[in-house]
Amino acid sequence: MEYNFGEIEKRWQQYWVDHQTYKVTEDTSKPKFYVLDMFPYPSGAGLHVGHPLGYIASDIYSRYKRLQGFNVLHPMGFDAYGLPAEQYAIQTGQHPAITTKNNIARYREQLDKIGFSYDWNREVQTCDPDYYKWTQWAFIKMFHSYYCNQAQQARPIEELIEVFSKQGTAGLDLAQTEPMHFTADEWNVKSEKEQQEILMNYRIAYLGDTMVNWCPALGTVLANDEVSEGISIRGGYPVEQKKMRQWCLRVSAYAERLLNGLDNVDWTESLKETQRNWIGRSVGAEMTFNTPNGVSFDIFTTRADTIFGVTFMVLAPESELVEQLTTDEQRTEVETYIQKTKKRTERERIADKSVSGVFSGSYATHPFTGEPLPIWISDYVLAGYGTGAIMAVPGHDSRDYAFARHFNLPIIPLIEGCDISEESFDAKEGIMMNSDFLNGMSVEEAIPAAIDEVEKRKLGFRKVNFRLRDAIFSRQRYWGEPFPIYYKDGMPYTLPESELPLELPEVDKYLPTESGEPPLGRAKNWFYTPLSCGKRQEEKRYPLELSTMPGFAGSSAYYLRYMDPRNNDALVSTEVNEYWRNVDLYIGGTEHATGHLIYSRFWNKFLFDLGFSCEQEPFKKLVNQGMIQGRSNFVYRIKETNTFVSVNLKDQYDVTPIHVDVNIVHNDILDIEAFRNWNPEYKTAEFILEEGKYICGWAVEKMSKSMYNVVNPDVIVENYGADTLRLYEMFLGPLELSKPWDTNGIDGVHRFLRKLWNLFHANGQFSVSDENPTKEELKSLHKLIKKVTFDIENFSFNTSVSAFMICVNELSQLKCNKKAILGDLLICLAPFAPHVTEELWHKLGNEETICDAKFPELIEEYLKEDVFSYAISFNGKSRFVLEFAADASNEEIEKTALEHPNSQKWLDGKTPKKVIIVPKKIVNVVI
RNA sequence: GCGGUCGUGGCGUAAUUGGUAGCCGCGCUAGACUUAGGAUCUAGUGCCGAGAGGCGUGGGGGUUCGAGUCCCUUCGACCGCACCA
């Protein structure tokens, strides 16, 4: 009987569906384990072999945990809102919902073929109103919350309103957009609109006028993580800085907690470091500088110790201070400069490292020396970081140095012995000089001493600054969650929670309106009419928000929704949340390090503060799978002919390499017939072969259609079976490593599965022996159990596939087809190759499915050796190997080893100084 | 510039965590079988050497009886952040 993978896999997938094998419920009698994949965005191109890599790993881990008796939650869904579907809709007019639905169906079909153990009953799709109801709900909660820095917690805004009416802002420490101070009396006399405007300064979801990344080509604003080097990540269009009123999430309020929380999660150091960089905490001081004409402004510095080296001040061109500090004589020059910087795109600004700037005409007074400091304006100071103004210390900051050199400003050295003739001395080391009370201190001592003095003289205070910005949360696009917001008197109000979801309306076109409003401006009746006594008050029509939410909105709390996906009364019920808690293992790509993984942690912490999530961190352990690159194949066409020459002969001709579809190449050998049919142009192609074959060249490139190197998992499943695909993807190398997909070598893994099959299928019959296994067979099996347990726990799937191969090879040699050993072998293997194993398991007469079975106990007894091989080494160089009984004493081993004729040769009459015996391994003789 | 990860056969990789370097697979070589195949099986395969043996984990140095593993130094690759004050 052949190993008929196609038939087996089809049968078992049907069995799983019929028996709801992987349906999971909250079973409190079992410990829970939550394994999650980053859900995919269903693109039109379908899955390629790179996508399932992480899914296979998580599926293995899920199955392994299930076999260990855990109740495993292993769900899957789709991140269905996003730009590509909308761009496609703009081009074709097809509704993105349809495109998305089709793409999801295709993804689902492909995923099913690979044989994952997902509980599809729990599937979520972010564009489903039943799902985004809870995205909108969370937004409403954020709108109605503020962040208290003292309690380090989000709180309902009603509390704040109460406090304002009693004490104003006195004694409060709140996360805010702008510093504000008012008394209770001042608050109480304000109109509702004025109060609403003030509250906007504190809401966690707020409307704010901020510099945003505006992408004209996409017609929308983008978050910082959606832009790289001035180019949009989606589409690669230029992005410019623009001040706009946008919905924002006060992520920055959580900066400290997001940073500290990293210490309590089991993520890779590099990923944590990426997040730490992104959060960018720096400790320093905020200091006030005054000008003779009464204007004062604040700057942030991490180097308060260099205060005596300040020779000028610099403002960001966008800073509001520019207006106040520019003198009449300088006004024209300043305005010209600002116009010039405004015109430049972010990309141009980054690319151009040349020094530019303009003098404002004003001077600030040095707070210690009283010296006048010229105030300059330059785009090397960023408006968005710190206060948008700096004190320039050209001696010890390379950017200030370049600026000072360019404009001939004085440079003062502050560190004894430093050479600043060519460049600044930026290192935080050395002994201070030219610095009054700091002289003689090391930099390390001088930084806190300087800040102490600043605080003493009331010139400023200690301050922690973060690079992390608030997330810009509106997109001027169609295909996203509508905001549950309507406007009354120009102020935003939330819809009542009971009226959620606010469904995405139909529009005639997916483009901005003629007046430049977002596509939702095209929707008919996009108004909110309040409900009163169950009746819509048609006379009141309030316009609804026209922006939609960004892609990360729907993916921020999906892991919570999987716990309780059909609950219509809560995102997740408290009871269910307390059972599943958070994700034990999360697998996905590093590309989400500064996007989804920050937003999701923020979102969860917010829900935690309000008591909707019972854990501070959403993802306990996180593993990043590597990318699978493409392995392109080439044929070499001799120039101006239709003749192709095999790779090793190509140097003899003048050739053009041409990408050839990897699906018509096997082990780098071209299927000539298929090639002739591939493209009419090649119908009459001639070939110069080597040893009767056309061998293709190859290169590692990104997997993409244009390189003809996309390998579709369906094709592999068709030819080799899902089990081979799963095993091979794991066997390719460590999970975290990026590697090219190379179909060469898949036969080795496929052969292994056939070998396993053949162990129990001799002469076309399933045959299994009832005899007791021998010690040798048990030893082989338990070596495997030990290795597989260790490897899966350590996510070293490639080595455990190797372990299986070794075990099956050994059992083949022993011709072992014992029932007693087969059961355990199959359960060990189940995480990897469920179809083959379930099939064999079934044939054993076991009615249980693999998923009800238990992972076998390791019995160390079977691993015990009778004899051990010792390497006998002299001064660390091993020379020969001797065997000793397992119970041999050290004295015995030493004596025998030294008396061996080979030892005599190496000792050459000398007496050993020392003999070191490493148990079961080595006898090292030190001469 | 700052931070992180890593360098092992022709290739993908492994090494029980400081103890016989190269497991497993691909590829390659030879042989067997055969209805000649992109099939299967057996043996071999780090390098040099006929052999004994020598040399080998990017380079150099160190600690140790013993280093792929630890320390210093240097070269190289990849990733993240970056006019962030």
Side-chain angles (χ1 to χ4, degrees), chain A residues 228-229 268-282 284 299-303 306 314 316 349-350 352-353 355 378-382 384-393 396-400 402-403 426 465-469 590-591 593-594 624 665-669 671 693 719 727-728 731-734 736-740 742-749 751-752 754 758 783 786-787 790-791 796 798-806 809 869-881 912-927:
Chain A
S228 173
E229 298 184 3
T268 59
E269 211 37 56
S270 73
L271 185 60
K272 287 192 198 181
E273 215 37 54
T274 302
Q275 288 214 343
R276 286 190 190 113
N277 278 339
W278 190 260
I279 296 167
R281 183 182 197 266
S282 53
I299 60 98
F300 174 76
T301 180
T302 55
R303 293 293 303 273
T306 60
V314 189
R349 210 176 60 79
I350 290 164
D352 182 11
K353 301 264 176 192
V355 177
S378 172
D379 64 359
Y380 85 88
V381 173
L382 304 177
Y385 183 77
T387 61
I390 62 153
M391 64 178 211
V393 186
H396 301 280
D397 181 286
S398 50
R399 296 153 300 178
D400 298 343
F403 195 82
D426 292 13
N465 225 323
F466 292 95
R467 207 189 73 98
L468 184 72
R469 308 294 172 72
T590 17
E591 67 273 18
T594 54
N624 289 123
V665 178
H666 305 281
N667 292 352
D668 290 339
I669 297 162
D671 181 336
K693 292 167 185 164
N719 294 337
L727 281 164
Y728 188 57
F731 185 71
L732 226 41
E736 315 80 40
L737 228 70
S738 283
K739 56 231 157 189
D742 182 355
T743 310
N744 301 346
I746 199 167
D747 294 313
V749 172
R751 208 169 289 151
F752 155 69
R754 263 211 317 259
N758 288 339
K783 264 192 327 207
K786 190 178 179 182
K787 180 78 175 146
F790 181 84
D791 285 347
S796 182
N798 56 330
T799 55
S800 50
V801 177
S802 296
F804 277 115
M805 293 185 178
I806 294 167
N809 277 339
S869 296
Y870 283 72
I872 315 299
S873 74
F874 296 86
N875 289 340
K877 281 270 176 217
S878 66
R879 308 292 174 166
F880 61 97
V881 175
K913 279 189 197 142
K914 212 187 327 182
V915 179
I916 295 150
I917 299 174
V918 180
K920 305 170 188 178
K921 289 260 161 137
I922 274 179
V923 178
N924 193 11
V925 183
V926 186
I927 307 168

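Only a predicted model underlies this, so the values are computations on that prediction, with no experimental measurement involved.
Atom CE in A:Met805 sits about 7 Å away from atom C1' in B:C24, given to the nearest Å. For the pair A:Arg467 CZ and B:C81 P, the interatomic distance rounds to 8 Å; values are reported in whole Å. In this structure, CD1 of A:Ile872 is placed 13 Å from C1' of B:G19, rounded to the nearest angstrom. Distance A:Asn798 CG to B:A15 P: 8 Å, rounded to the nearest Å. The distance from atom CD of A:Glu736 to atom C1' of B:G80 is 17 Å, rounded to the nearest whole Å. B:A82 atom P lies 17 Å from atom CG of A:Asp379, rounded to whole Å. Separating the CG atom of A:Asn809 from the P atom of B:C24 is a distance of 8 Å, rounded to the nearest angstrom. Here the P atom of nucleotide B:A85 and the CZ atom of A:Phe466 are 13 Å apart, to the nearest Å.
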Atom pairs, N/O to N/O, protein against nucleotides 51-53 of chain B, distance under 3.5 Å?
none

Report each atom pair, protein N/O against N/O of nucleotides 63-67 of chain B, whose distance is under 3.5 angstrom.
| unit_1 | atom_1 | unit_2 | atom_2 | d |
| --- | --- | --- | --- | --- |
| B:C65 | O2' | A:Asn924 | ND2 | 3.4 |
| B:C65 | O2 | A:Asn924 | ND2 | 2.1 |

Tabulated below should be each protein N or O lying under 3.5 Å from an N or O of nucleotides 5-12 of chain B; please produce it.
| unit_1 | atom_1 | unit_2 | atom_2 | d |
| --- | --- | --- | --- | --- |
| B:G12 | O2' | A:Leu732 | O | 2.5 |

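In this structure, A:Asp397 contributes its side chain and A:Val393 its backbone to no donor-acceptor pair below 3.5 Å.
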Can you list, pair by pair, the side-chain donor-acceptor contacts under 3.5 Å of residues 914-923 of chain A, counting residues two or more places apart and other chains?
none

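In this structure, A:Asn719 and A:Ile746 have side chains that are not in contact, with every pair of non-hydrogen atoms separated by 4.5 Å or more. Counting heavy atoms from C-beta outward, A:Tyr380 and A:Asp400 have side chains that approach closer than 4.5 Å. Side chains of A:Phe466 and A:Ile279 form a contact here, defined as non-hydrogen atoms less than 4.5 Å apart. Contact check for A:Phe874 versus A:Phe880: side-chain heavy atoms found under the 4.5 Å cut-off. Contact check for A:Met805 versus A:Val749: side-chain heavy atoms found under the 4.5 Å cut-off.
In this view, A:Arg303 and A:Asp305 satisfy the salt bridge (charged side-chain N to carboxylate O under 4.0 Å, His left out) rule, not counting sequence neighbours. Applying the salt bridge (charged side-chain N to carboxylate O under 4.0 Å, His left out) rule to A:Asp671 yields no partners; only residues at least two apart in sequence or on another chain are considered.
Base pairing annotation: B:G9 forms no Watson-Crick or G-U wobble pair, as no partner gives both donor-acceptor distances under 3.5 Å. Pairing for B:U17 is absent, judged as Watson-Crick or G-U wobble with the two contacts each under 3.5 Å. Here B:G44 sits opposite B:C28 as a Watson-Crick or G-U wobble pair (both hydrogen-bonding atom distances under 3.5 Å). Across all strands shown, B:A67 forms no Watson-Crick or G-U wobble pair with both key distances under 3.5 Å. The partner of B:C33 is absent, by the rule that a Watson-Crick or G-U pair needs both atom distances under 3.5 Å. The partner of B:G49 is absent, by the rule that a Watson-Crick or G-U pair needs both atom distances under 3.5 Å. For B:C2, the paired nucleotide is B:G80, the pair qualifying as Watson-Crick or G-U wobble because both relevant distances are below 3.5 Å.
Using a 4.0 Å cut-off, no side-chain N or O of A:Arg751 falls inside it from OP1 or OP2 of B:G25. Phosphate proximity of B:G80 to A:Arg276: absent, as no side-chain N or O sits under 4.0 Å from OP1 or OP2.
Using the six-membered ring where Trp is involved, A:Phe300 and A:Tyr385 have ring planes that are perpendicular, over 60° apart on the 30 and 60° scheme.
Side-chain atoms of A:Lys783 and base atoms of B:U16 include no donor and acceptor less than 3.5 Å apart.
Heavy-atom nearest nucleotides on RNA chain B were determined for A:Ser282 and for A:Thr594, and the one closer to the 5' end corresponds to A:Thr594. Each of A:Glu273 and A:Asn744 lies near RNA chain B, and the nucleotide nearest A:Glu273 is the one positioned closer to the 5' end.
Here the straight-line distance linking atom CZ of A:Phe790 with atom OG of A:Ser800 works out to 11.0 Å at 0.5 Å rounding.
Base orientation for B:G9: syn, the chi torsion being within 90° of 0. Applying the 90° cutoff around 0 to the glycosidic angle, B:U17 is assigned syn.
A donor-acceptor contact closer than 3.5 angstrom links the side chains of A:Ser398 and A:Asp426. Under 3.5 Å, the side chains of A:Asn465 and A:Ser282 contain no donor-acceptor pair of N or O atoms.
Comparing B:U20, B:A82, B:A14 by their nearest atom to the side chain of A:Thr799 picks out B:A14. Taking every side-chain heavy atom of A:Ile806 into account, B:C24 is the closest of B:C24, B:U20, B:G80.
Between A:Ala316 and A:Leu382, the shortest heavy-atom distance links the atoms CB-C, 3.8 Å.
Comparing the same atom, C1', in B:A52 and in B:U5 gives a spacing of 44 Å after rounding to whole Å.
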